[in-house]
Amino acid sequence: MANLGSVNGRPGVFSLVGLCVLAGILVAGTMAPAAIGAGVLSNQVSDSVDTISAQLAAADPPLTTTVTDRDGTPIATLYAQYRLPVTAAGIATTMKAAIIAVEDRRFYTEGGVDVQGMLRAAVNDSTGGSLQGASTISQQYVKNYLVNVVDRTDPVAQAADREDSVARKLREAKMAVQLNDTMSKDDILAAYLNVVEFSGTVYGVGSAAKAYFGTTADKLTVPQAALLAGMVNNPSVYNPYTHPAKALQRRNLVIDDMVTNGSLPASYAATAKAAPLGLLPNGPVTPSGTCMGAAPDAGFFCAYAENYLVHAGFTADQLATGGYTIKTTLDPRVSQVTKDAVDANVPTTQDGVANTFAVVQPGSTGHQVLAMVANRNYGTDPAQGQTSTDIVADASNEFGAGSSFKIFTSAAALVTGKAGLETPLPNPDSQCFAPPNANAHTACYTVHNDGHYADPITLADGLATSPNVAFVGLESQVGMPAVLDMAYKLGLRNTLATNDAGATPDPKSSNPQYDEPQSQYFRNLLSFTLGNSPVSPLEMANVSATLMSGGVWCPPTPILSVTDRNGNAVPVQQQGCEQVIPTGVANTLEAGLSKDTTSGTSAQAARAAGWTRPDIGKTGTTQQSESVAFVGGVDGYAVSSMVFADGPRPREICPGTPVHLGNCGHGAFGGTVAAPPYFHAMSQLLAGVPDQPIPGPDPAYLTARN
């Protein structure tokens, strides 16, 4: 092949003179019968070039962002333009020869513009014909950079970048000359091949080599390079997947041009032209560009991490184009083990039943999210058990977490002194409670226990066995503002900001259920402690993390670090941690929650699983068994497992193999359906790890103080 090395000489001066001559002829009007305003055109071109030169110097081309787990293993790729940049040395000689042969044969000898070609184009334009091409690779680089980088989000500016006018050609030409005075030919060629589109979201020769052939830019063969070079002229028309015949014809034309240009021996042309297209099947093969392309155990986590960074000040466009490396807190072992546990409990495609599972690592300086999984996968195909809603992070469990909300009533009672862990609570089989702010026309709220319990019952025994009457009575005594405030402090911050449908409150609605956040809506409703409102599974896991951290709330963070395309650290603004309840209250509540798996509502499932570790737990079951929950933690893992109806026709959830919807008469409970995945996963994760004891209660919170 011919030598493709750069020319050391600078023909830019000649090209600039030629360009000036061309511009002078144009502005003088000798080539345009309808006199062109010389001053206007000159100023327009000059001003636009000055502005665009500054933009070109400042704007980085969009790059892919890589999301990794805590070990640095990629879990997803985010992009608006799939681009894998390469250096000049990383581009095969075949590719350089092919693009020069078909697009700019005099590339290494011209100074950025083809003056003869531009004069011919201008003459044709002035006589009523369409504006001819005559663009060098340098000019094409300018145009593609403006369209694909500088103005990619501005349709009006992009239209100007593509307009069929002499002014646009002159602007490109002047900038091309500037580029040839400041960059080597090899660098211009590499920059052009890195920025140009190869169809769809594939930009740059690095990504094109991978997407079409599964190779790298430095290993492209002659037929491969010729195919890609031929696509540049019109990526849609010459797309080899949609128009294989046209792509083949164009590829072979490029091969002929390479022979004509002296970069390919004629003896090899026939062999190259006889080669098949050699494409990867079902391509171009690219990452999805969103978190929906993540592994089944990482999709919801990735979506949460992306949303977390947006709330921290990043824009969605920055994340899709910035070339960041986002190292998350995802623990691959924890994530896979918990994913396996929920899939075993409820199959991915099980009709109408979702099982979410979130794991947060407690700590006084941060709460790192280790796993966010579900039997559903993050995607757009419901038939495959996929959902495009982040059902682990959002308040998507519209039926609630059931009696696990009694944690908030208990914590509020301990803090206010209305009850201690050993305080006896009135607990008749049923009772009608006056609602908060009741008047003579307000009916009382009737509550029944599901079975017979001790009356009275201590708060500790109540946490283990979960009678409704005792806790609604305690909630009434403590007061709804204190209970709701406690729920917020312990972790339900985003949950309480949604309305009672799990959506953003609608101020235009006349229904308090929809126009008020839960933090306001439940101020007059004692049903809150029974957990019948939408809730975020992730936030419930973080509630456990707050208790296990000695009463310190921290935002459930999915981010370890963010670095930019150059490897520099990018700061991430995050909320600080807060001591939301006294450590003594947290320890006392943990002690109260430590009976659930030994003598409480999940004890039978614990025994069936061979579970003997000291832990904390609280089950929850909604009235119609449309949602069941287990919230707890053990040995540095704070957990929520929730199983709920997620289809358009929700019904009672029934235990069994598999868990399913039905009319089973005695539906699922938190202890029978939501707790087993917890025991399954934690038994594997903690195999061989010594037990960690649960803190004992603080004597100051054993009895009521008020």
Side-chain angles (χ1 to χ4, degrees), residues 1 4 61-66 74 77-104 107 137 140-141 144-145 148-149 186-244 246-248 250-255 257-258 263-264 268 271-273 275-289 293 321 323 565:
M1 290 190 183
L4 296 176
L63 295 184
T64 60
T65 287
T66 303
T77 302
L78 311 179
Y79 62 82
Q81 297 178 1
Y82 180 50
R83 178 179 282 106
L84 303 175
V86 290
T87 63
I91 302 173
T93 303
T94 54
M95 187 67 217
K96 296 175 183 177
I99 199 70
I100 288 172
V102 73
E103 294 294 333
D104 186 1
F107 172 70
I137 283 177
Q140 290 182 50
Y141 168 62
N144 278 276
Y145 204 93
N148 297 334
V149 180
D186 278 351
D187 287 343
I188 291 173
L189 185 60
Y192 169 68
L193 286 172
N194 274 318
V195 79
V196 73
E197 179 188 346
F198 285 92
S199 82
T201 58
V202 180
Y203 289 78
V205 68
S207 59
K210 185 172 184 180
Y212 289 95
F213 305 112
T215 188
T216 53
D218 62 328
K219 293 182 173 63
L220 288 168
T221 65
V222 169
Q224 291 171 342
L227 179 68
L228 295 182
M231 290 178 65
V232 169
N233 179 264
N234 194 321
S236 297
V237 170
Y238 300 120
N239 184 322
Y241 288 101
T242 56
H243 302 291
K246 290 183 178 179
L248 180 63
R250 177 73 175 171
R251 183 201 72 174
N252 291 345
L253 173 65
V254 175
I255 292 172
D257 285 346
M258 293 174 72
S263 56
L264 182 69
Y268 185 74
T271 302
K273 291 165 69 173
L277 291 178
L279 301 166
L280 293 176
N282 304 314
V285 179
T286 63
S288 74
T321 63
R565 65 181 66 204

Subject >> Check against side chain to side chain contact (heavy atoms under 4.5 Å, CB included), Tyr241 and Leu280 >> reply: CA-CA 10 Å; Tyr241 288 101; Leu280 293 176; 3.9 Å; yes
Nearest atoms (heavy-atom pairs only) where [X] meets [Y]:
{"X": "Gly323", "Y": "Thr65", "value": "N-OG1, 3.4 Å"}
{"X": "Gly278", "Y": "Phe213", "value": "O-CD2, 3.4 Å"}
{"X": "Asn144", "Y": "Val196", "value": "OD1-CG2, 3.7 Å"}
{"X": "Leu279", "Y": "Pro240", "value": "CD1-CB, 3.5 Å"}
{"X": "Tyr145", "Y": "Pro61", "value": "OH-CD, 3.7 Å"}

Do any N or O atoms from the side chain of [X] and from the backbone of [Y] form a donor-acceptor pair under 3.5 angstrom?
{"X": "Asn239", "Y": "Ser199", "value": "no"}
{"X": "Asp186", "Y": "Ala88", "value": "no"}
{"X": "Gln81", "Y": "Leu63", "value": "no"}
{"X": "Ser263", "Y": "Met258", "value": "yes"}
{"X": "Arg83", "Y": "Pro62", "value": "yes"}
{"X": "Asn194", "Y": "Ala190", "value": "yes"}
{"X": "Thr64", "Y": "Leu78", "value": "no"}

Original post:
Residues in salt bridge (charged side-chain N to carboxylate O under 4.0 Å, His left out) with Lys273, at least two apart?
Top reply: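 Here the qualifying residues are Asp256.
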**OP:** With sequence neighbours left out, write down each residue that passes salt bridge (charged side-chain N to carboxylate O under 4.0 Å, His left out) with Asp218, or none if nothing qualifies.
**Re:** none
Less than 4.5 Å apart, any side-chain heavy atom of [X] and any of [Y]?
{"X": "Leu220", "Y": "Val205", "value": "yes"}
{"X": "Tyr79", "Y": "Thr321", "value": "no"}
{"X": "His243", "Y": "Tyr238", "value": "no"}
{"X": "Leu277", "Y": "Pro244", "value": "yes"}
{"X": "Leu253", "Y": "Val102", "value": "no"}

Subject >> Stepwise side chain to side chain contact (heavy atoms under 4.5 Å, CB included) check, Leu193 with Met95 >> reply: CA-CA 9 Å; Leu193 286 172; Met95 187 67 217; 4.0 Å; yes
Original post:
Between Tyr212 and Phe198, is the gap from one ring center to the other below 6.0 Å?
Top reply: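 No: the rings miss the under 6.0 Å criterion.
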List the atom pairs, donor and acceptor, that lie under 3.5 Å between side-chain atoms in residues 222-234 and the rest of the protein, sequence neighbours left out.
residue: Gln224; atom: OE1; partner: Thr221; partner atom: N; Å: 3.0
residue: Gln224; atom: OE1; partner: Thr221; partner atom: OG1; Å: 3.4
residue: Asn234; atom: OD1; partner: Ser236; partner atom: N; Å: 3.4
residue: Asn234; atom: OD1; partner: Val237; partner atom: N; Å: 3.2

**OP:** Begin with the C-alpha distance, continue with both residues' side-chain angles, and end with the deciding distance and a verdict on side chain to side chain contact (heavy atoms under 4.5 Å, CB included) for Tyr192 and Ile99.
**Re:** CA-CA 10 Å; Tyr192 169 68; Ile99 199 70; 3.8 Å; yes
**OP:** Any chance you could lay out the side chain to side chain contact (heavy atoms under 4.5 Å, CB included) test for Lys210 and Thr286, step after step, and finish with the verdict?
**Re:** CA-CA 8 Å; Lys210 185 172 184 180; Thr286 63; over 6 Å; no
